Amino acid sequence: MFQFKCTKKVQDFISLKPSDLSEIEPEKFVLGNWFVNSFTQNRRKVLIFMEEKTLFSFIIVGVRKEHIKTLRKHFLEGLCLQLKAEGISPQTIAAFSDNQAIIQYTKTDNRSKVGSLTDLIYLYSSWIDSEGGLSKIDVVDIGMKLNRVPQTNLKLIYAINELKQALGETT
């Protein structure tokens with residue numbers, strides 16, 4: 001099961017009512033809980049996903065209301081693309097791409113993590129602007145760069161190093 005801990009902004013965007021939200025549960029498997037927020041860049045909606053423990057992040061660009069029905073598919077595609085670019089083993093990537101786990105939507109439960117997510121939005125947005133906008137960038141490349149920014153909530157360790165450790169991959 002994946003838990004998407006959605007900010008109010010995302011809840012409104014995907015039309016989640018309070019009754020649609022599940023109770024928050026402890027993470028049941030590696031990379032199971034994700035904080036989700038959104039921002040607009042070059043008039044396009046961007047969803048940002050940040051894993052709860054490792055702060056590993058990636059973005060999905062151009063999300064529209066009709067994509068919400070297939071958000072699980074888009075999430076797994078984005079995650080697997082980012083993991084592949086990071087050199088994660090094909091067996092680990094296959095475990096995620098073949099994952100049939102359901103998605104539960106919850107509200108956020110950690111202000112510090114929401115703060116990290118807000119910082120990442122600023123960094124993604126600034127980096128995209130500095131590269132010339134969404135049409136000129138590779139979202140996976142930007143994700144790789146930002147997963148190598150020291151994270152205060154990780155005692156200045158890179159998110160990618162935390163991810164590889166959590167997955168049992170060498171750093």
Side-chain angles (χ1 to χ4, degrees), residues 1-41 44-86 88 92-125 128 134 139-140 142-144 146-147 149 151 153-154 159-160 162-167:
M1 169 183 65
F2 290 107
Q3 278 189 99
F4 287 173
K5 297 182 176 189
C6 302
T7 62
K8 181 70 171 128
K9 187 184 212 180
V10 172
Q11 290 173 37
D12 292 343
F13 175 64
I14 61 178
S15 302
L16 288 174
K17 298 180 275 270
S19 61
D20 297 329
L21 299 174
S22 300
E23 289 295 318
I24 296 171
E25 297 178 22
E27 191 169 42
K28 292 189 170 149
F29 65 95
V30 177
L31 307 187
N33 291 355
W34 293 83
F35 281 79
V36 186
N37 204 344
S38 67
F39 62 100
T40 302
Q41 189 84 24
R44 295 178 71 193
K45 183 69 83 178
V46 179
L47 283 182
I48 179 170
F49 294 87
M50 181 189 78
E51 201 279 325
E52 180 176 52
K53 290 181 183 165
T54 65
L55 305 187
F56 179 79
S57 66
F58 67 95
I59 59 174
I60 299 174
V61 177
V63 180
R64 288 179 274 186
K65 289 259 189 196
E66 60 265 21
H67 295 136
I68 298 310
K69 295 177 186 125
T70 56
L71 184 57
R72 183 183 165 286
K73 176 180 143 265
H74 296 294
F75 164 76
L76 288 173
E77 286 173 356
L79 175 60
C80 290
L81 277 173
Q82 197 69 49
L83 291 175
K84 183 178 180 185
E86 296 289 2
I88 302 301
T92 301
I93 294 170
F96 284 104
S97 66
D98 298 337
N99 194 319
Q100 297 301 314
I102 61 167
I103 292 176
Q104 283 187 338
Y105 296 96
T106 69
K107 58 185 177 181
T108 59
D109 64 342
N110 185 314
R111 289 173 57 161
S112 176
K113 300 285 171 82
V114 172
S116 293
L117 189 59
T118 302
D119 291 346
L120 281 171
I121 288 173
Y122 174 76
L123 290 171
Y124 272 102
S125 181
I128 291 167
L134 285 172
V139 293
V140 174
I142 295 233
M144 288 179 70
L146 290 178
N147 283 314
V149 171
Q151 296 290 326
N153 283 338
L154 296 176
I160 186 58
E162 286 292 303
L163 173 88
K164 286 182 176 183
Q165 183 178 355
L167 293 173

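From a predicted model like this one, the values you see are computed outputs, not experimental measurements. Numbering of residues begins at 1 and proceeds along the displayed sequence.
- The shortest non-hydrogen separation linking V10 to V36 is CG2-O, 3.6 Å.
- Rounding to the nearest 0.5 Å places CZ of F2 at 5.0 Å from CZ of F75.
- E86 approaches G143 most closely through the heavy-atom pair OE2-O, 4.4 Å.
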Step by step, would you call Y122 with F39 a ring-ring contact (aromatic ring centres under 6.0 Å, His included)?
-> CA-CA 9 Å; Y122 174 76; F39 62 100; over 10 Å; no
For residues 14-25, run the donor-acceptor check on the side chains, cut-off 3.5 Å, and write out each pair with its distance to 0.1 Å, sequence neighbours left out.
| from | atom 1 | to | atom 2 | distance (Å) |
| --- | --- | --- | --- | --- |
| S15 | OG | K65 | NZ | 3.4 |
| D20 | OD2 | K17 | N | 2.9 |
| E25 | OE1 | K28 | NZ | 2.7 |

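- You'll find the side chain of L31 reaches within 4.5 Å of the side chain of F96, heavy atoms only.
- Between F58 and Y124, the gap from one ring centroid to the other reaches at least 6.0 Å.
- Atoms OG and CD1, on S57 and I160 in that order, are 10.0 Å from each other to the nearest 0.5 Å.
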Decide side-chain contact (heavy atoms from CB on, under 4.5 Å) for V139 and L81; before the verdict, give the C-alpha distance in whole Å, the side-chain angles of both, and the deciding distance to 0.1 Å.
-> CA-CA 10 Å; V139 293; L81 277 173; over 6 Å; no
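- The backbone N or O of V140 sits less than 3.5 Å from a side-chain atom of Q82, completing a donor-acceptor pair.
- To the nearest 0.5 Å, the span separating CD on E52 from NZ on K113 amounts to 5.0 Å.
- One finds the CE atom of M144 at 12.0 Å from the CD1 atom of I142 (value rounded to the nearest 0.5 Å).
- The line from CG of D12 to NZ of K8 is 4.0 Å long, rounded to the nearest 0.5 Å.
- The shortest distance between side-chain heavy atoms of L163 and I88 falls below 4.5 Å.
- Counting non-hydrogen atoms of neighbouring residues, nucleotides and ligands closer than 6.0 angstrom, the NZ atom of K45 exceeds 12 such neighbours.
- Of the residues listed (F35, W34, Y105), the one engaging C6 in a side-chain contact (heavy atoms from CB on, under 4.5 Å) is Y105, and it is the only one.
- Within the 4.5 Å cutoff, side-chain heavy atoms of R44 are placed close to those of L134.
- The OG atom of S38 sits 9.5 Å away from atom CG of L117, with the distance rounded to the nearest 0.5 Å.
- Looking only at side-chain heavy atoms (C-beta outward), L120 and M50 come within less than 4.5 Å of each other.
- Results of the side-chain hydrogen bond (donor to acceptor under 3.5 Å, both in side chains) test with K5 over T108, T106, N110, D109 single out D109 as the only residue that passes.
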